[in-house]
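One structure is given below, encoded as structure tokens.
Side chains included, hydrogens not; waters and symmetry mates left out as well; all remaining heavy atoms used.
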Amino acid sequence: MDNIENLYEALPVSGRASTLRCKLNLSLIESLNYLLNACDEVIPSPLFLKASETLNSLNPRLKFSGFLSVLHSDLLTAIEEENIKQINVIAEKLSLNNFTINNIEYINIGNLDDYYETVIKNLICHEIPVRVAASSVSSLEYERMKAACEEGLSIIERVCPDYFEEISCLFSEILVFKADEIKHGSSMNAFGLIYRNLNYGFEKITDTIDVFIHELAHHYLFLLNTDDQIVVNADDLHASPLRTDKRPLIGIYHAAFVLARVIDVLQKALDRGGIPTNEINHCLELLATHRKRFKMAMNMLDTHAQLTPLGRALINSASRIVEESYAASCRGAVMPRAVR
């Protein structure tokens, strides 16, 4: 972290995400090797050697599949539970894939094998108070979802290329499904994998842009949070601007940072002709709502949160983004972009 400039800047910085991702990849390989070695007595020698060979052949400078993080998380759980059968299933999975992703891959949840489908569904349901029945989409629905995702990414690339550079580095897979009770999400335990629900946010391209920038902001904080606590009293529960239930302060911090980045991109998309004419009013309504929620989140953080120096500087940078975006919207003109 010592050699990375502009960590405190809330806007994307060229090259920063790839440096942070490489650092995460190195840690992931090291941890998986350590966990495998701890299990060497219960894994058949040929399988152990093959899984180890796969791990040690990975290039940390490349983009890894979110499923490698999934296997890491599940292996930790299997070891804690002394589940030898599951440990060997995971070792087998590690030996079958090189886990390198070139661009962004699209996956229908129904095309996952039984192991990954079970683990991913548990991950999707992790923070939902009720059990979610995530099901496969049809081939036509899959193509429609993929087309909407690609259109949203294309607009982001055109109007905010710095954000698109970060997306290209951090997003590995987009998993699509149908379900109630959930909209979209991501997790540090499946870093790089974004999941999207057909039943939410595919009618308007504005919503797709919103979702991707939302999840991108989470990913940047995931990376920072591996080395910095950001919020000292992270687990204290308070009212959240994005959820009806009380959330830990680290969740409220995530909400504020997410909202700031989404506000920035949606305002730039409006200013630069990236929002379809028939969605302009919808986009303006979203911006108004997001600005109110950002203010709510900041009030909660200012009142209750104890932040690290990085946490304070980053959220101050996010606040400046919102202020500049609001000034631009009031003038009805493109606001000069902050120094990158």
Side-chain angles (χ1 to χ4, degrees), residues 4-22 24 63 66 101-106 148-174 184-186 191-196 201 204-225 253-276 279 283 286-287 290-291 294 314-326 328-329 334-340:
I4 300 171
E5 298 180 356
N6 300 316
L7 284 180
Y8 297 78
E9 171 60 66
L11 292 168
V13 175
S14 181
R16 182 179 65 184
S18 60
T19 303
L20 289 169
R21 172 127 204 179
C22 180
L24 177 69
K63 182 164 61 175
I101 301 291
N102 292 322
N103 297 307
I104 297 175
E105 296 184 358
Y106 295 86
C149 290
E150 290 182 340
E151 183 181 359
L153 290 171
S154 176
I155 292 171
I156 294 170
E157 182 178 20
R158 178 165 60 84
V159 302
C160 292
D162 48 353
Y163 282 93
F164 183 78
E165 178 189 336
E166 196 171 272
I167 285 173
S168 298
C169 176
L170 300 185
F171 286 8
S172 52
E173 292 104 343
I174 297 173
H184 54 85
S186 58
F191 189 87
L193 186 146
I194 311 301
Y195 49 89
R196 293 207 63 188
K204 296 179 174 65
I205 201 64
T206 303
D207 294 331
T208 291
I209 296 169
D210 188 315
V211 166
F212 284 150
I213 301 303
H214 180 124
E215 298 304 337
L216 181 64
H218 283 309
H219 271 64
Y220 182 61
L221 290 181
F222 289 155
L223 289 170
L224 294 186
N225 211 193
Y253 188 99
H254 268 254
F257 184 72
V258 162
L259 287 165
R261 277 189 157 203
V262 172
I263 288 167
D264 181 51
V265 172
L266 289 184
Q267 186 64 55
K268 296 298 187 298
L270 273 176
D271 294 341
R272 299 172 184 183
I275 302 299
E279 294 186 22
C283 187
L286 269 181
L287 280 166
H290 288 342
R291 289 186 175 112
F294 176 80
L314 184 63
I315 207 65
N316 286 345
S317 177
S319 295
R320 289 192 293 273
I321 289 177
V322 176
E323 291 167 4
E324 292 175 358
S325 171
Y326 182 70
S329 69
V334 175
M335 183 76 178
R337 304 218 69 181
V339 175
R340 304 208 181 283

Which atom of [X] lies closest to which atom of [Y], heavy atoms considered:
X      : Y      : answer
Leu287 : Ile263 : CD2-O, 3.6 Å
Gly192 : His219 : N-NE2, 3.0 Å
Ile101 : Ser172 : CG2-O, 3.6 Å
Ala10  : Ile321 : CB-CD1, 3.6 Å
Ser186 : His218 : OG-CB, 4.1 Å
Arg16  : Leu11  : NH2-O, 2.9 Å

Checking [X] side chain against [Y] main chain: does a donor-acceptor pair fall under 3.5 Å?
X      : Y      : answer
Thr206 : Cys283 : no
Ser168 : Phe164 : yes
Glu279 : Ile205 : yes

How many angstroms lie between [atom1] in [X] and [atom2] in [Y], if you round to the nearest 0.5 Å?
X      : Y      : atom1 : atom2 : value
Asp210 : Glu215 : CG    : CD    : 10.0 Å
Leu153 : Ile174 : CG    : CD1   : 5.5 Å
Ile275 : Lys268 : CD1   : NZ    : 12.5 Å
Leu286 : Leu266 : CG    : CG    : 6.5 Å
Ile315 : Arg320 : CD1   : CZ    : 11.0 Å
Glu173 : Tyr195 : CD    : OH    : 14.0 Å

(message) What I want to check is whether the side chains of Arg261 and Tyr163 have a donor and an acceptor closer together than 3.5 Å.
(response) no
Less than 4.5 Å apart, any side-chain heavy atom of [X] and any of [Y]?
X      : Y      : answer
Tyr253 : Leu314 : yes
Leu7   : Leu20  : yes
Lys63  : Ile104 : yes
Phe294 : Ser319 : yes
Leu223 : Leu170 : yes

(request) Test Leu259 against Val322 for side-chain contact (heavy atoms from CB on, under 4.5 Å), laying out the working first. (result) CA-CA 9 Å; Leu259 287 165; Val322 176; over 6 Å; no
(message) Centre-to-centre under 6.0 Å for His254 and Phe222, is that the case here?
(response) yes
(request) Answer yes or no on whether Arg196 is positioned over the face of Phe212, meaning its NZ or CZ is under 6.0 Å from the six-membered ring centre and within 45° of the axis. (result) yes
(request) Only one of His290, Arg291, Glu324, Arg272 passes side chain to side chain donor-acceptor pair (under 3.5 Å) with Gln267; say which it is. (result) Arg291
(message) Quick check on Tyr326: does its OH atom have over 12 non-hydrogen neighbours (other residues, nucleotides or ligands) under 6.0 Å away?
(response) no
